[in-house]
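Note that the structure is a prediction, hence the values are computed from the model and not measured. Just so you know, ligand 1 is whichever comes first in the structure, and atom 1 is the first atom listed for that ligand. In what follows, every heavy atom counts, from backbone to side chain, and hydrogens, waters and symmetry copies are set aside.
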Amino acid sequence: MKNIILFGAPGAGKGTQSKMLVEKYDLAYISTGEILRNEIKNKTSLGLKAKEVMDKGMFVSDDIIVGMITNFIEKNHNKGILLDGFPRTVVQAEELDDILKNTHRENHLLVLSLNVPKEELMRRLLKRAEIEGRTDDNEQTIKERFNQYETKTLPVAEFYKKKQGVYFEVNGIGTLEQAFVHLCEIIDKN
Ligand code: ADP
C-alpha cells in the first residue's frame with residue numbers, strides 16, 4: 001500500500017501532480033487547502049474562521065487540520081493515500097506519525113518534495129492569481145506564505161530526512177510531464 005506526502009512550497013505544482021498520481025496509483029486524495037476553500041465557499045463556521053487566517057497567508061490551527069486528516073484516513077482505511085498540503089508543521093508531522101502507526105501504514109510512507117526556486121514560485125503564483133482569482137494569491141500574502149513555509153514547513157523536511165529511505169527530492173522546474181515521470185520512478189522503486 002502506497003502512502004505519499006507531496007511536499008513543496010506554495011506554487012511548486014503539488015495540486016497538479018497530485019491529481020495525476022492519484023489516477024495512476026489509485027490513491028485516496030486529500031488537499032487540506034482545497035477542503036478549507038470549500039468550507040469558505042459554503043460559509044461554514046470553520047470556513048469563516050479559516051478565511052481570516054488564510055487571507056493573511058498564515059496557517060490554520062494544527063488541531064483543526066489534524067482533525068480533517070484523521071477523518072479522511074478513517075474513511076479510507078483500505079486504500080493508499082496521497083496527502084497534499086499536509087503536514088505543514090512539525091506538530092502535524094508528529095501527529096501523522098501516530099495516525100500512520102495506528103493504521104499500520106508507517107512502513108509504507110514516501111515523502112516526495114517538489115523543488116522549485118523562489119523567483120519561479122512567485123512568478124507562477126502571480127500568474128495563477130490572474131487565472132483563478134484565489135484571494136491569497138496577491139504579492140503581500142504570497143510573501144507571508146513563503147515566510148510561513150520557510151519557518152514552519154521546512155523543518156518538516158528535516159523531520160522526514162531523519163527517517164531512512166522516506167524522503168526524496170524531485171526537480172519541479174521542467175515540464176509537468178518531466179516532474180511526473182521522476183515522481184513515478186521514485187514511487188515504483190520504493
Ligand atoms: P499553497 O500550496 O499555495 O500553500 P494550499 O491550498 O495548500 O496552497 O493552502 C492554502 C492555505 O490553506 C494555506 O496558506 C493555509 O492558510 C491553509 N492550510 C492548508 N493546509 C494547511 C495545513 N496543513 N496547516 C495549516 N494551514 C493549512
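By the 4.5 Å heavy-atom criterion applied to side chains, Y25 and C184 are counted as neighbours. Contact of the K51 side chain with the L46 side chain is not registered, since no non-hydrogen atoms from C-beta on lie closer than 4.5 Å. Between V111 and V156, every side-chain heavy-atom pair lies at or beyond the 4.5 Å cut-off.
Note that CD1 of I30 is 4.0 Å distant from CD1 of I69, once rounded to the nearest 0.5 Å.
Counting heavy atoms only, R37 comes closest to atom 6 (O) of ligand 1 of the residues K14, E34, K152, R37. Selection from R145, R88, R128 by nearest heavy atom to atom 5 (P) of ligand 1 gives R88.
Under a 4.0 Å N-O distance rule, the pair E150/K118 qualifies as a salt bridge.
For ligand 1, none of its N or O atoms has an N or O atom of D136 under 3.5 Å away. Considering backbone and side-chain atoms together, G85 places an N or O closer than 3.5 Å to an N or O of ligand 1.
Looking from atom 25 (C) of ligand 1 to the surrounding protein, the closest heavy atom is V60 O, 3.2 Å. Residue, atom and distance of the protein heavy atom nearest to atom 11 (C) of ligand 1 are M54 CE, 3.6 Å. For atom 24 (N) of ligand 1, the nearest non-hydrogen atom of the protein is Q92 NE2, 2.9 Å. Scanning all protein heavy atoms for the shortest distance to atom 8 (O) of ligand 1 gives R134 NH2, 3.2 Å. The nearest heavy-atom contact from the protein to atom 16 (O) of ligand 1 is M58 O, 2.6 Å. In this structure, atom 17 (C) of ligand 1 lies nearest to the protein heavy atom L36 CD1, 3.6 Å.
K152 NZ: more than 12 foreign heavy atoms inside a 6.0 Å radius.
Here is the list of ligand 1 atoms found below 4.0 Å of a heavy atom in T32: 19 (C), 20 (N), 21 (C), 23 (N).
Following chains of ILVMFWY side-chain contacts shorter than 4.5 Å, one can reach F72 starting from I65, so the two form part of one hydrophobic cluster.
Within the 4.0 Å heavy-atom criterion, neither part of R124 lies near ligand 1.
The shortest heavy-atom distance from V53 to ligand 1 is not under 4.0 Å.
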Q | side chain to side chain donor-acceptor pair (under 3.5 Å) assessment of E144 paired with Q148 | A | CA-CA 6 Å; E144 183 53 35; Q148 298 267 317; 3.0 Å; yes

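Side chains of E39 and T44: a donor on one and an acceptor on the other come within 3.5 Å.
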